[in-house]
Structure formats: C-alpha cells, structure tokens
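Below is one structure; the comments refer to it alone.
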Amino acid sequence: MKTVFAKSVPGRTGVLPPSPEQSVSDMLPADLLRRKRPALPELSELDVVRHYSLLSHRNFSVDTNFYPLGSCTMKYNPKFCETASALPGFAHTHPLLPQIEGGEPFAAGCLKAVWECERLLREVTGMHAFTMQPMAGAQGELTGILLIAAYHRAKGNKKTKVICPDSAHGTNPATAALAGYEVVNIASQNGMIDPDALAAVLDDSVAALMMTCPNTLGLFEAHLPLIVEKLRAADALLYYDGANFNAIMGRMRTGDAGFDVVHLNLHKTMGTPHGGGGPGAGPVGVAERLAPFLPGPRVVKNSDGSFGLNHDLPHSIGKIAPFYGNFAIVIRALAYMLRLGGNGLARATSYAVLNANYMRARLRDHLEIPYDRACMHEFVASASALDTYGVHALDLAKALLDKGFHAPTIYFPLIVKECLMFEPTETESKETLDAFCDELIAIVERAKKNPREILDAPLTLPVRRLDETRAARNMVLTEA
Amino acid sequence: MPFIPHTPEDAAAMLERIGVKHLDDLFADIPTSMRPQSFALPEGLAEHEVMARLCNLSADNAHGLISFLGGGVYDHAVSSAVDALSSRGEFSTAYTPYQPEAAQGTLQAIFEYQTAVCRLLEMDVANASVYDGGSAVFEAAMMGVRATKRSRIIVDESLNPLYRIMLATLSANLDVSITVVPHAGGSPDMAALEASLDGDAAVLVVQNPTFFGTAHDFTPLFAKTRAKGTKTAIAVNPVMQSLLKTPGEMGADVAVAEGQSIGMPVGFGGPYLGIMACTKDMVRQMPGRIAGRTEDLDGRIGYVLTLQAREQHIRRAKATSNICSNQALCALRSVIHLSLLGPEGLTRTAELSMQRAREAAAALTSLPGVSMYTDAPYSHEFAVTLPRPASEIAGALLRENIVAGLPIARWYPDLDKVLLVACTEKTASAHISRLTSAMGRILTTRERGPQ
C-alpha cells in the first residue's frame, strides 16, 4: 500500500487553521528560521481517514484475532476503559496545574484517581507503597533497580551485582546494566532457579535478584521461600518482574511473599491495550523500607480528605517521568479494577491458568512439552522434533498467521530449543482454544507430510515473508 | 463473570481434560506459606456504576479555565479524526509488530511517522519513539556517551528542568557526570557552554526554544563542539519546528522532542511521545525500535522492525537501552495529526501561537511593574518579571479561574518573580484581555494581609 507521503497532492489540506495576520518573518529574525517548509503530507481529511482505516485492516489485533503470545497477556481490552480514559476532566487537565501554589484543588479528580489506583494496587500486591510514574514495564524495572541501589547506598552497602536467572526476559539484564550493575546469570534446573546455583554466586556484593514468578516457562518457582531466606541473609533484595502477574492475582501477594520491589504491566494484567507496542504503564510497588526513595512528587491524601502533592522528599531518587506516569493508562486500569473487584481479579487469574492448562493438555500429544506438569498462565512447547522435516518454530508461527491466529511467542525463553510459548489469557472461550489447537495440530501433521506448504506460509496476508536481512543492509528507514 | 466466557459446562469439560477436579488444584505449586494474608478489594461494579464513579472524578477537576500554562506541555487543537482513527481496535489492541506479516498496518504507520519526524527535524533517521521528551533527552545523552566513549554530559540550564531531573535520576548509577552550565538571563550562555567543552565532554545537550521560550541558533556552538569530538543533542518543539531553524541545519548529531503538542491532549501528563532522530552515523547508537522498508518473497514492498541487534531481547545486558516498547499509538496519533495539518496547517498553527504570544506579551508588559524577563527573541512562550512573587499573583488569578502561566521558582529559586506564559492557536484575544485586566487589578490592589 502506498504511503501517506506518496498520496500527497501539493496545495491540499485536511485541517486548516485560519490565516495568521503576522508572518513569522515579522516576528523572528531570519537566522533563526528554517530555510524550507517541512515536506509533510498534503491530503484532505477524507484521504487521511481512508488511508489509516485501510492501514488498520493490515493488522492483527485482539479485537480481531486470538493472540496466544506468551508473557504478553493479550487479554480483551474492555471498551468502557477507553471511554473512561478520554473523559474531558482527565484529557484537559494540565499536569503542572497542581504544581502551582493553590492549584491542587483544580486537579483534585486526577490526583484522587492516581491515589485510588495506587491504593488498589497496594491491596492487590500487598506492597507498602506504589508509584505510578514508570511509563512501561522496562521503565518500571529500571525504577525498581534504582530504588534498590538507593537503599543500599543509604545503608552504606557496597553492592555491585544483580542476579538474573537464564529464563529472565531480556529487559532484566539490560535494566541491571543500565543501572550500573554487573549482571550475573544463573542456570535453571528443571525449569526453576536452582538454590545451589544461587548460593554459589550469592555474596555481600549482590544487590538484588530479579525474579519472574511464575517464570517464563510458566512454572511457579518452587524454592521461593528458600530463596527469600537466602537473600535476606545476604542483605540482597528480591525484585518481582510483574510480566506474569496475571497468574497469581488473589493466589499470592508479592508483599506477603517477601518481595521488596514489584513492577506491574498494566497493559498486561489490568487489561489496558498494547497499542501496537505502547503506550503501556509499569507502576512500581515497594516494601516499607524502600518507600522513602520513591520518585516524586507523591500524591497524598490530606487529613481533611483533600488530595495534594508532596514535593518534600529528601531521599527520593528523583523523577522517572516528567509528571505522574501514563495517566490515561492508569485511568483505564482503575476502571478495570473497579469493574472486576477483588473476586473478578482472582477469577481472571483462575481462568487464565485453566485456559493455559487446557491448551497444554490438548497439545501434549502433538508437540514436545519440555516441562509437562501443571503450569500457571502459560507454558512452553518445543518444535525441535520437526527439525528433521526442515520445519522450525518460526514456520509454525507463520502457518498459524495464515489461519487467522496470531503466533505464540517464539524462541523465548532462550533455554528451550525451538521454543513456542503459549499464553491464552482468561478472556478466550473453549471454542477459540479448540479451534486454535485443532489448527496447530493440523499444521504439525502437514509439516511432517508436506513441509514445503508450511515453509511457504503465510500466503493469505498482505505480504509474504519479508527479507529482514535486506532491511538491515539497505536501511530504508524513511520515504525518500 | 465479566470478560470470562466460560460456561460451567466448559469449565468442567476443561478440568476433566486436564485431569484435575477443581480449579484450585492448578495452584497447588504455590506454597501455603505464600498465600495472601489479605485481598480486601472492593466488590466489582456494573459498567454504568464504574462510569458514574469516573465521571465524578473527571468532574472534580476544574473546567472552563482560561489557561496560559505551558512549560513543555501545550494545549493545541486536535481533530476528532485523530481520536477516531487511533482508537480503532485494529491499531489500539495490536501487539508489538514482531510478526511483521500480521502487522503491516502498525509497521507502515511507524515508517510514515519516522519519515514525518525526519522531514520536520531535517535529520537522517528517526526511531519509532520512546516514552516522552525527558526519556528522549536521557537516551540522546547516552548515545553521545556511547559514541564518544567519554563520560561527561554538558547540559544547558535552560533545558526543561524536568528533563534535567530525569536525566540525573536515570543516569544516577552510570559512570557519567553531568555539568549544568547556568543560563544567562533565560538564554543559553553560549560562551560558557563553549568553555565547558574542555576535551573530555561526551555530549552537549541544549533546547530550542528554551524552557524560557527563547529561540536561538546553535550552529556556531555546534561547530565548535564537533571540533572537540563532542556530540550535540538538541531538544525542540515539534510545532515550532515548522518555522524554526532545524536541528539538521544547525548540525546536531541527535534531535529529540516532546511530541505531546502534535496530537496528544495535555492529559495530566501522559501518555506522551518521545521523539528521537539522529544522523546516519549515529544510527547504531539509537535505542528502541526502528521500522525499515524491505520486500517479501514475491518482491512486494513491506515493513519490518530492523537493526534489532541493538535491542534488549537480542543483546540482553549489552543492549543500547533496556527499552522494550515504544509509544506506537501516540506516534500513530502524531503522524495522523501532521497529515491532517500538512505543512501549511502546521506552520499556521505555529505562527498563530507566536502571534498570540506577542499580543499577550504586549498586553502584560503594559501593566505597571511588569516587564519581559529577557529581550531575546521568543516563540510561543515567554517569561515576564512581575513586581511581586509570581506564585502569589498566579494564586490570586487562579481564584478567578485564570491560569496565568507557570511560576518557575520551584526550579529556579532566584527567579521567584518570573512567570512563564504560553499561548497556542487556541488562545483567544478575549482570554488575553481577561488575563491582563485581572492581573492589572491584582497588581494595583495589594491583597489585604495581616497589618
């Protein structure tokens, strides 16, 4: 499909503000001005609407397709949350208004919404305090590690290392490195953190362990109580990566379990949309001993019941976001939590785990399931048995796309060969799961009989397989 | 059960297939000692009850204010078409385009966004966006650090103070140091900035227009900076960029911007859009996603995420950044917004905003004791010095539902009488008259306090 630039016609406009009385050359000296106007698209409003409506047809989405993407929690994104987030009092309140002296009452509703969301997340996780500032999961991780660093610094601890299991998301080691720590990887055993491997690297120089629980294999870390104990003894903190929080709502609280820091992905667990890659939100909850270091300003409830901002935070790490995080995402999550309530959240977890186990049971005779035991909200399979036919995980993924199903996560976690990682979420029906499993089983059978068919997929989408090497070599990153 | 489709029969059949009796059996791996001590959340509500609660919260914010508040976040007009298109579920509920054949819509939109950014800033390459302007400033500084293998970051004090705080926070544990060069009366101190480049500076970070609204040409400073082997990064305003000298023309290595003003509401702080662009030489230092054009097996044009070897899911601890997402939907909004306005619409928006700012500046400085804080050229935002503390005057005007602007003493304690006033094309002459007459009244009748 032509780009919006290729459709441009000089002199056409969609939205045209009135003609200014003064031209810029009357207002600013010429040496401050650009030489030529930017070559932005020139189209009518209808041209623009049609172009982007047609582009949208070239996408899979939760609204149109089943997305069993492991570790991504592609659940249904309720529509009322969208309506709520766009309410005028939320959309049109300037974030600096409550930072002007006397301005807090003018943004009382927004401040209260942030406070309410923090309060609900505190109860969901059992953490002592929350900040809504981090604008994505990875930024939440960075916030968490910076908080941990601030804690150790304040105590005079000399810590230089962060431990990440080999099943961790790539963001974990990247985050630890970005926070100035040396990353120590530990190998899993039977799909779990091995307490002996942990003990071998755990000394006074370790600042924290970053844990995803259940881990990216969909398994609950069996040695968690022991791990908590070992870390405490070394004055190392325990970080909870919330990517898989949809597996434990109402079944475990990170605060009660002994985690010191947790980030949640509201775009996973709390039903806010992924937006084609963002914006998300990655709020961070902490144990009491880390609360003084949270970024500011903090939203507070005053003794008279009004809401305000506390800027007087002498131990704060500073600012992670310019204001209060991705506020419109926070509103969506608040609406979602209010709608579901405690029972609804716990039920979401129960049915997410039910769906994953059902898929595992349906696929176990057709694909290798390396850890074939009760899983949590996701599980992994391996396509390595198809190696002999020249068919790989990527090919199965492409064949699924042809049938209108989004692929599972592939080649992750790295510790399983030809890995396929399935997370169906609670919002999918048995019929959808059955249709998906039937199709995947048929694809596996076809791969054995006629691998060419699978290697040629997809054939029904706007494009066939794309040449990624050429893209990286030629680097056409803008319209000429 | 909201959003859970299972009938009791479905659940029973599924449990049977799994081979367990009860849902709880699936959670047997969680040790009893780890079970929640409390889960005292409220009961769920019906959709209309939730909406009533949220409508009340929305209404608890002031409405009908006359506002001159900017400070990096600007209230420009956004067409309903932007909302309608970006809220299409095919865009908003899609995942990151890791399966490109199933995500050509998102990928092409990102490619178009990158093109619009490069044309607006006159830079070679743009990424698919980062979180906001402040995180873009941090990432730009880190690009300079990586490219030069040096560790000192030079920052002009007229860079938005919120970005400076974010830069300090995000780099706190890295082996870098930050030198803040004091501003000279609301403008960058070009001589002092040059003097700070003593051979070990990794990157110079400036802003145009500055936080004070003043506009500058950094071409000479950037040339001197480059001669010392130091990289240059500039934060700009994407609306004003339609008129102002571009980062490309000035010779910047990296250009960043807060993209909120091109298609996002002020929205109490987010989500916004971190725009990032750079020269071709710097592309491998760029963090985040980048879409590229390629061909499929049949020679059809298509788009993919490219140069992924820089990213965390491949490089892990050695990645250019830990960034895993972008603000794809906000990037989509901005390219739709820019396509609707086109070059004529965007330049008119900028000119109208500047014109209103001049009207407001003339009106305010006609009041006794009110003067421009600086006589440097400015764009759509300007600083005035008031005869009394700005927070006192702004507070008094707030009580009349007028947000006069931003008192900046929170970030510049010695400038307690300075008020930062922003205009956009939405600022009406009547608003300026009301601000001026109300401020005039407040300035002439000292508030009655304890004698």
Side-chain angles (χ1 to χ4, degrees), chain A residues 14-15 17 20 24 37-38 41-42 52 55-56 58-63 84 87 89 91 93 95 101-102 106 108-110 135 138 170 173-175 177 180 183 220 253 256-257 273 275-279 318-319 322-323 326-327 341-342 344 357-358 429-430 461 463-464 466 471 476 478-479, chain B residues 5 10 14 18 29 34 36-37 41 43-44 50 54 57-58 60-62 85 88-90 92-94 96 101-102 104-106 115 120 131 162 165 169 173 243 265-266 268-271 292-294 296-297 302 306 312-313 316-317 319 322 324-325 328-329 339-340 342-343 348 351 391 395:
Chain A
V15 174
V24 68
R37 296 208 313 189
E42 299 181 72
Y52 287 101
L55 259 194
S56 80
R58 295 162 77 85
N59 256 10
F60 277 28
S61 67
V62 172
D63 278 6
L87 288 168
T93 300
E101 237 174 88
F106 291 79
C110 291
M135 296 176 279
T175 297
V183 179
F220 193 88
R253 299 200 312 169
D256 302 339
K319 282 185 196 299
F323 304 109
N326 279 343
F327 178 72
N357 277 287
Y358 179 69
S429 66
K430 180 172 179 294
L461 296 176
V463 287
R464 294 185 60 200
L466 290 154
V476 181
T478 59
E479 180 96 329
Chain B
D10 288 340
M14 293 167 82
I18 296 165
D29 280 353
M34 298 266 141
Q37 289 163 21
L41 287 148
E43 288 289 304
V50 176
L54 285 158
L57 277 181
S58 167
D60 277 349
N61 301 295
L85 292 168
R88 289 182 71 96
E90 297 92 329
S92 70
T93 73
T96 304
E101 302 87 350
Q104 285 299 298
T106 295
T115 304
L120 192 54
Y131 312 126
L162 300 174
I165 298 169
T169 305
N173 287 21
L243 300 173
V266 295
F268 205 58
R293 178 184 274 165
T294 187
D296 76 355
L297 288 169
T306 192
Q312 51 75 29
H313 61 286
R316 297 176 77 85
N322 76 332
C324 177
S325 64
L329 204 66
S339 300
L340 287 165
R348 281 191 187 188
E351 280 179 325
S391 62

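Note that the coordinates shown come from a computational prediction; the quantities given were computed from them, not determined experimentally. Within every chain, numbering begins at 1; the chains are lettered A, B, ... in the order of the sequence lines, protein sequences first and strands thereafter.
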At a 4.5 Å cut-off on heavy atoms, which part of Thr96(B) comes close to chain A: side chain, backbone, both, or neither?
both
With respect to chain B, which residue among [options] yields the maximal number of heavy-atom pairs within a distance under 4.5 Å?
options: Gly180(A), Ala471(A), Ala177(A); value: Ala471(A)
options: Cys110(A), Ala108(A), Pro273(A), Gly102(A); value: Cys110(A)
options: Pro173(A), Gly14(A), Gly276(A), Ala84(A); value: Gly276(A)
options: Pro322(A), Gly89(A), Gly109(A); value: Gly109(A)
options: Gly277(A), Ala91(A), Gly318(A); value: Gly277(A)
options: Gly344(A), Gly341(A), Pro20(A); value: Pro20(A)

Across all chains, not counting sequence neighbours, the ring pair (Phe, Tyr, Trp, His ring centres under 6.0 Å) partners of Tyr52(A) are none
I need the residue from [options] with the largest number of non-hydrogen atom pairs under 4.5 Å to chain A.
options: Thr106(B), Asn61(B), Leu120(B), Ile165(B); answer: Asn61(B)
options: Gly302(B), Gly292(B), Gly89(B); answer: Gly89(B)
options: Asp60(B), Leu85(B), Asn173(B), Val50(B); answer: Asn173(B)
options: Gly44(B), Ala102(B), Ala62(B), Gly395(B); answer: Ala102(B)

If you round to the nearest 0.5 Å, how far is [atom2] of [Y] from [atom1] of [X]?
X: Tyr358(A); Y: Asp10(B); atom1: OH; atom2: CG; value: 9.0 Å
X: Arg88(B); Y: Ser56(A); atom1: CZ; atom2: OG; value: 3.5 Å
X: Phe220(A); Y: Met34(B); atom1: CZ; atom2: CE; value: 7.0 Å
X: Asn357(A); Y: Ile18(B); atom1: CG; atom2: CD1; value: 5.0 Å
X: Asp63(A); Y: Thr93(B); atom1: CG; atom2: OG1; value: 3.5 Å
X: Thr306(B); Y: Leu466(A); atom1: OG1; atom2: CG; value: 11.0 Å

So do [Y] and [X] actually touch side chain to side chain, heavy atoms under 4.5 Å?
X: Pro343(B); Y: Glu42(A); value: yes
X: Leu54(B); Y: Leu87(A); value: yes
X: Lys430(A); Y: Met14(B); value: yes
X: Gln104(B); Y: Asn59(A); value: no

Minimum heavy-atom distance [X]-[Y], with the two atoms named:
X: Arg348(B); Y: Pro17(A); result: NH1-O, 2.7 Å
X: Pro271(B); Y: Asn326(A); result: CA-OD1, 3.1 Å
X: Arg464(A); Y: Leu297(B); result: NH2-CD1, 3.6 Å
X: Pro95(A); Y: Val266(B); result: CD-O, 3.9 Å
X: Ser391(B); Y: Glu101(A); result: OG-OE2, 3.4 Å
X: Tyr131(B); Y: Ala138(A); result: OH-CB, 3.9 Å

Portion of Phe323(A) that has a non-hydrogen atom of chain B nearer than 4.5 angstrom:
side chain
Chain B heavy atoms under 4.5 Å from Val24(A): which part of the residue, side chain, backbone, both or neither?
both
Pair Glu479(A) + Arg293(B): basic N to acidic O under 4.0 Å
yes
Determine whether a donor-acceptor pair (N or O, by modelled atom type, separation under 3.5 Å) exists between the side chain of Asn322(B) and the backbone of Ala174(A).
no
State which residues pass salt bridge (Lys or Arg N to Asp or Glu O under 4.0 Å) with Lys319(A); sequence neighbours excluded, sorted by chain then number.
none
